[in-house]
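Note that the coordinates shown come from a computational prediction; the quantities given were computed from them, not determined experimentally. Indexing begins at 1, ligand by ligand and atom by atom, following the structure's order. Reckoned from all heavy atoms, side chains included, excluding hydrogens, waters and symmetry mates.
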Amino acid sequence: MAQTRNNQRQGDMEPLIKNTMNENATVNSDTLDTDIAIIGGGMVGAAQAALLAQTNPQWRITLLETFPMPEGKPSFQPSFDDRSTAIAQGSVQLLQQLGIWSQLQQHGTPIDQVHVSDKGHLGGALIDRREHHVDALGYVVPNAWIGRVLIAHLHQLANVDIVAPATVEQLQPQASGARLQLRRGERSLTLTTQLAIIADGAQSPLRESLGIDCQLQSYEQTAIIANIGLDQSHKGVAYERFTDQGPMALLPLGGSLQGQTSALVWTQPKAEAETILALSDEQFLQQLQQRFGYRLGRFVSVGKRDSYPLSLSVAKEQIRSSLVVMGNAAHFLHPVAGQGFNLALRDCAALATSLMEKGDSALGALPRLNRYMELQRLDQQATIHFSDQLTKLFSTASLPQAALRALGFVGLECVPPAKHWFTRQTMGAGGRQQVLNPVGGH
Ligand SMILES: Cc1cc2nc3c(=O)[nH]c(=O)nc-3n(C[C@H](O)[C@H](O)[C@H](O)COP(=O)(O)OP(=O)(O)OC[C@H]3O[C@@H](n4cnc5c(N)ncnc54)[C@H](O)[C@@H]3O)c2cc1C
């Protein structure tokens, strides 16, 4: 059955529509019906589909994505680009429960230690996995690989339909459920659903079209990302270095502690970032070396550079009747502490758990969705506050804050509870742990 369905998915429009014929779906030529529609097949939408499919096998889940999502080939949508993601321990547990961690780990590099330092101040804080009795503080996995594994997994799930490429042009809430207008090539389709999950990224035109505002704060910073070749092994050490221009992170890559590549996230004020992006590779490496120092030896090569404007954006509403806003569309964070995807994954697990709870109410009924917000509110607040404060405290040359951050490092090293709290937050254990409790298997 799964094989037939997979073959159908690789075909064109007609087989794909037939694919949704099941007891929960009624189909005519231009109308589809599903239980849960997820708009956006990026890291978060795809993970949400997998978590819902696993915890609630009786539901039909339809994932809608503008870009193609082929099985077994790289996907070129925005989430699965040249970045790498630091996956915290808490997220590893969730991905293990999904049954995809062993594959993700094939290209995952364990983080043995995190070294936090401040340019202009000696020393720094060292967080070591051994102190916390874990195999790794987290893992760094290339986004492209996360995409490959997630998409391949979704293609195996009998209750997930991938409709891609297809763009949702309109979302209309109904008395119960929602109606979506999709564009797929020349064709326009209608999809009705009990619950619509908007995971269409930070700009989220659909969220905007529903009049859901965001609290928006630009950091006036740009993150430059690139893979950096080293003349020695990184030994599994992740570096977080704070400078008065903004934080930079170098995360170990290459699949082993002996790897000689690190993933750079270099935050700069907007204007400086443009100058840096325009440098030759040689000049870029020189500037980076000057800013970072020689803790990782000499930087010998740089891969493709990309840039991301940074802001803090938090949706003022994340739930309405039959509607949930997820991922970057719900909260877009500064990447300094590697929290965005990890938080979103905990959100996805909490939603799957809330929807699983027994009750007579419809899937998109507000009491169920309120339960989700109750589960995640504190975690979201704490995580957003943590990454925002870290960014502000560590991106300034102003005297009081510079003094405070020097004290902060002393505090981090000398006060075990402070270091423990920082570590728990970066390991993704700051929020309530989510345990999936599937009601059936595959
Ligand atoms: C430089 C950088 C480094 C980061 N590092 C980390 C890290 O180390 N750890 C961590 O936890 N997080 C990290 N993050 C955060 C992480 O990348 C985000 O949390 C994650 O990408 C959010 O994914 P998303 O699916 O919500 O949004 P997106 O990645 O924007 O995906 C949205 C998807 O929706 C699709 N779409 C949009 N509109 C429509 C429509 N109308 N119809 C159909 N499809 C549509 C798009 O094509 C896209 O595929 C980092 C972020 C940045 C910028």
Side-chain angles (χ1 to χ4, degrees), residues 37-49 62-69 75-88 90-92 111 138-143 146-147 150-151 162-171 180-184 189 191 196-209 219 221-226 238 240 247-251 253 263-267 273 305-311 313 315 325-348 383 387 425-428:
I38 301 172
I39 303 132
M43 300 241 283
V44 175
Q48 181 70 85
T62 303
L63 182 64
L64 305 147
E65 167 57 47
T66 296
F67 289 85
M69 296 183 77
S75 167
F76 295 103
Q77 72 218 63
S79 245
F80 306 127
D81 58 13
D82 292 330
R83 280 172 292 171
S84 293
T85 295
I87 308 255
S91 301
V92 168
I111 302 176
Y139 290 80
V140 185
V141 187
N143 283 23
I146 297 177
L150 263 175
I151 293 169
I162 299 173
V163 183
T167 296
V168 178
E169 295 185 324
Q170 217 185 3
L171 191 161
L180 275 57
Q181 276 321 120
L182 331 179
R183 163 86 29 210
R184 195 169 144 81
L189 293 166
L191 175 79
I197 299 176
I198 300 182
D200 59 349
Q203 305 304 321
S204 189
L206 285 176
R207 181 198 61 213
E208 261 185 30
S209 74
Y219 290 118
Q221 289 179 341
T222 299
I224 300 168
I225 66 113
E240 288 272 2
M248 64 166 65
L250 275 149
L251 308 174
L253 271 185
L264 170 71
V265 182
W266 187 3
T267 314
R305 289 174 243 165
D306 274 316
S307 65
Y308 301 82
L310 300 179
S311 59
S313 149
V325 184
M326 269 284 162
N328 275 356
H331 37 64
F332 177 63
L333 314 185
H334 196 292
V336 56
Q339 299 277 317
F341 178 63
N342 290 297
L343 172 62
L345 201 58
R346 297 196 294 276
D347 289 347
C348 291
T383 309
S387 62
Q425 200 66 42
T426 48
M427 284 169 68

Short N or O distance, [X] and ligand 1, threshold 3.5 Å exclusive:
| X | value |
| --- | --- |
| Asn342 | yes |
| Val168 | yes |
| Glu65 | yes |
| Val44 | yes |
| Gly338 | yes |

Please report which non-hydrogen protein atom sits nearest to [atom], along with the residue it belongs to and the distance in Å to one decimal place.
| atom | value |
| --- | --- |
| atom 5 (N) of ligand 1 | Ser84 O, 4.1 Å |
| atom 34 (O) of ligand 1 | Gly40 CA, 3.3 Å |
| atom 38 (N) of ligand 1 | Asp200 CB, 3.4 Å |
| atom 8 (O) of ligand 1 | Ala86 N, 2.8 Å |

Out of [options], whose heavy atom is nearest to [atom]?
| atom | options | value |
| --- | --- | --- |
| atom 10 (C) of ligand 1 | Trp266, Phe80, Phe341 | Phe341 |
| atom 26 (O) of ligand 1 | Asn328, Ile225, Val141, Leu63 | Asn328 |
| atom 3 (C) of ligand 1 | Ala344, Gly340, Pro335, Gly201 | Pro335 |
| atom 17 (O) of ligand 1 | Gln203, Met69, Met326, Arg83 | Arg83 |

Hey, are the side chains of [X] and [Y] touching, using non-hydrogen atoms and a 4.5 Å cut-off?
| X | Y | result |
| --- | --- | --- |
| Pro205 | Asp200 | yes |
| Ile146 | Ile87 | yes |
| Pro247 | His334 | yes |
| Thr85 | Val141 | no |
| Val163 | Leu191 | no |
| His331 | Asp347 | yes |
| Met326 | Cys348 | yes |
| Ile39 | Leu180 | yes |

Within a distance under 4.0 Å of any heavy atom of [X], pick out the atoms of ligand 1 and give their elements.
| X | value |
| --- | --- |
| Phe67 | 47 (O) |
| Pro78 | 47 (O), 48 (C), 49 (O) |
| Ser79 | 21 (O), 23 (O), 25 (O), 28 (P), 29 (O), 31 (O) |
| Ala166 | 43 (C) |
| Met43 | 25 (O) |
| Leu64 | 43 (C), 44 (N) |
| Gly327 | 26 (O) |
| Ala199 | 32 (C), 33 (C), 34 (O) |

If I compare all heavy atoms of [X] with all of [Y], which pair ends up nearest, and what's the gap?
| X | Y | value |
| --- | --- | --- |
| Gly41 | Leu63 | CA-CD1, 4.0 Å |
| Ala46 | Leu150 | CB-CD1, 4.0 Å |
| Phe67 | Ala164 | O-CB, 3.4 Å |
| Thr383 | Leu333 | CG2-CD1, 4.4 Å |
| Ile198 | Arg207 | CD1-N, 4.3 Å |

Let me confirm one number: the CG-CG distance from Leu64 to Leu182, rounded to the nearest 0.5 Å.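 Leu64 atom CG to Leu182 atom CG measures 5.5 Å (nearest 0.5 Å).
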Can you tell me which portion of [X] lies within the under-4.0 Å heavy-atom range of ligand 1? Options are side chain, backbone, both, or neither.
| X | value |
| --- | --- |
| Ile39 | side chain |
| Thr66 | both |
| Leu310 | neither |

Whether over 12 other heavy atoms sit under 6.0 Å from Gln203 CD: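 Incorrect, the count does not exceed 12.
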Does atom 30 (O) of ligand 1 have a protein heavy-atom neighbour under 4.0 Å away? yes
